[in-house]
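I have placed the structure first, in the form of structure tokens, so that the comments after it can refer back to it.
Just so you know, residue 1 is the first one in the sequence shown, and it goes up from there. No hydrogens, no waters, no symmetry mates; every other heavy atom, side chains included, goes into these values.
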Amino acid sequence: MNRIGKLSNLAARTAVTNLAEMPDCRGLPMLGAITSILDSEQGKRLHEYVDERHRKYGPLFRGRVGPVKAIFVSSPKVIREVFRIEGPTPQHFVPEAWLLYNRMRSRKRGLLFMEGQEWMHYRRILNKIMLAQDSSKVMTKPCQEAAEDLVKKWKSYTNNDRIVPDLENQLYQWSIEVLLATLVGKPWKTFRCSIISELEILSRNLGRIFEHSVHLSRISARLAMLINLPSWRGFVSTADYALGTVDRFVEQMEKLEDAQDGLTHRMIAKGITGDELKRIVVDLILAAGDTTAYSMQWLLFLMASNPEAQENICKAVRGLSEAEVCAEPLLKGAIKESLRLYPTAPFITRILPHDTLLAGYPAHKGELVVISLYSCGRDEQNFPRAQDFWPERWLRNDRGEFDAVINPSATLPFAMGARSCVGRKLAETQMSLTMAEILRHFQIRCLNKDQVTIKLRMISAPSEPLQIQLAHRD
């Protein structure tokens with residue numbers, strides 16, 4: 001660190017000793033501490049609890065999530081400051097259950113678990129492969145083919161007012177298949193035939209991993225491991241199956257011929273091979289499975305609940321090429337609105353690298369900062385008509401500005417800075433092409449739209465299965 005940086009940090013450390021502490025939320029009236037909420041059904045509504053605390057205490061307060069104390073932030077200005085000071089190798093919170101599992105199995109993991117120089121090395125390589133300007137060319141074909149396959153399957157559900165069955169698992173499998181197809185490249189259809197019997201089992205196991213993870217986040221995972229609770233046993237067995245299955249997939253991918261256009265062989269060409277390749281690809285698949293699947297559920301839910309927006313977007317994408325669909329402003333606005341109202345991860349975490357000031361309050365090295373995306377995205381100070389699904393708010397005016405967005409950085413579903421989501425382009429391409437294909441063929445309704453709310457399962461999930469009904473378009 002240069003001399004000016006050292007003086008700035010020294011000044012910050014000196015200043016924090018003379019400032020008032022930020023509001024400290026020690027517990028809930030009537031209900032006790034956050035720990036008691038997490039041990040109950042109300043743990044699934046932690047986003048609502050935190051939102052209420054922000055309304056009472058302001059954009060910054062200290063509180064606890066189970067045994068973990070954190071600074072909760074809902075100010076766009078402070079959020080930008082947190083990302084500014086995170087440094088070149090940002091640290092974030094990793095669930096204890098995964099840390100214990102990795103240690104128990106002596107298993108090294110990918111980007112989510114890497115830290116420091118190791119993380120920086122592989123992240124820089126992945127940036128060039130997955131976030132470069134031309135990377136979407138690799139992603140478009142597998143995304144479009146998966147969209148067409150999904151629509152072909154769903155055509156059978158338009159008869160007799162049927163509800164799309166097992167929607168969650170269908171979208172899990174769709175999400176995994178898109179990533180696998182992008183990783184494999186040209187030989188995907190042949191490769192898919194060799195693993196098709198395992199794909200549905202894998203997608204169901206991935207769902208169960210996160211169900212067990214949710215339970216283990218509400219208690220001490222270490223205690224659950226020591227006394228061998230059913231939730232720990234379930235977590236270990238599903239993780240063993242999923243990671244073992246994907247390990248084998250990666251080993252088979254390495255041997256494929258004529259696969260140079262796939263992301264896997266692009267990684268190999270950049271020097272990522274052997275165990276390192278396996279570590280990175282396995283975690284990409286595990287991370288993509290639930291995040292994109294649930295993001296797509298929420299986009300379907302909002303389209304089905306807003307017929308006028310659905311028709312406007314259907315007209316906007318009609319006759320467009322795949323590249324034009326991905327760039328279509330109204331569809332992009334719909335995806336932004338969906339992720340604003342229903343962020344896949346309602347909270348983003350960072351660990352402060354040094355003592356600092358946040359909105360004038362002292363914050364200390366090693367403290368956990370929890371960025372409240374749910375609260376930011378639904379705040380009228382950031383978005384007029386904040387509770388409404390309004391894709392047009394993201395259309396730019398003649399000055400290149402948004403008329404109905406006060407703070408664009410108040411919604412950051414893919415985070416920002418060095419540790420932003422490496423799969424952002426793939427997720428956006430996948431959702432854009434799939435939604436366009438669905439709207440070209442179907443009108444969508446959600447029969448239980450008035451009953452559905454957010455239920456936290458580590459990520460934002462519908463509180464009950466979506467009852468999506470399809471009708472053929474003329």
Would you verify whether the NZ or CZ of Arg248 falls within 45 degrees of the ring axis of Tyr241 while also being under 6.0 Å from that six-membered ring's centre?
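No, Arg248 does not sit over the ring of Tyr241.
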Any carboxylate oxygen within less than 4.0 angstrom of a Lys/Arg side-chain nitrogen, looking at [X] and [Y]?
| X | Y | answer |
| --- | --- | --- |
| Glu437 | Arg440 | yes |
| Glu200 | Arg204 | yes |
| Asp283 | Arg279 | no |

Without hydrogens or angle criteria, can the side chains of [X] and [Y] be said to hold a donor-acceptor pair below 3.5 Å?
| X | Y | answer |
| --- | --- | --- |
| Thr344 | Ser295 | yes |
| Glu145 | Trp188 | no |
| Thr238 | Asn205 | no |
| Ser460 | Trp298 | no |

What class does the angle between the rings of Phe72 and Phe61 fall in, given that below 30° is parallel, 30 to 60° is tilted and above 60° is perpendicular?
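Phe72 and Phe61: parallel rings.
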Given Val370 and Val50, is the side-chain contact (heavy atoms from CB on, under 4.5 Å) satisfied, shown in steps?
CA-CA 10 Å; Val370 177; Val50 171; over 6 Å; no
Please test Asp51 against Arg55 for salt bridge (charged side-chain N to carboxylate O under 4.0 Å, His left out), starting from the C-alpha separation and ending with a verdict.
CA-CA 6 Å; Asp51 191 48; Arg55 295 177 192 278; 3.1 Å; yes
If I take atom [atom1] from residue [X] and atom [atom2] from residue [Y], how far apart are they, to the nearest 0.5 angstrom?
| X | Y | atom1 | atom2 | answer |
| --- | --- | --- | --- | --- |
| Cys446 | Asn306 | SG | CG | 11.0 Å |
| Lys186 | His265 | NZ | NE2 | 13.0 Å |
| Asn127 | Ser420 | CG | OG | 7.0 Å |

Candidates Arg233, Arg208, Arg105, Arg107 - the one meeting salt bridge (charged side-chain N to carboxylate O under 4.0 Å, His left out) with Asp240
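One option only clears the test, and that one is Arg105.
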Could you tell me if the side chain of Lys155 sits less than 4.5 Å from the side chain of His472, heavy atoms only?
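They are in side-chain contact.
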Atom CD of Glu464 with >12 non-hydrogen neighbours under 6.0 angstrom:
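Counting other residues, nucleotides and ligands, CD of Glu464 exceeds 12 neighbours.
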Closest non-hydrogen atom pair, Pro384 against Arg393:
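It is O-NH1, 2.8 Å.
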Contacts of type side-chain contact (heavy atoms from CB on, under 4.5 Å), residue Thr411, not counting sequence neighbours:
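Once residues adjacent in sequence are excluded, the partners of Thr411 under the side-chain contact (heavy atoms from CB on, under 4.5 Å) criterion are Arg340, Phe383, Trp394, Pro413.
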Got a donor-acceptor contact below 3.5 angstrom from the Ser156 side chain to the Lys153 backbone?
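Between the backbone of Lys153 and the side chain of Ser156 there is a qualifying donor-acceptor contact (under 3.5 Å).
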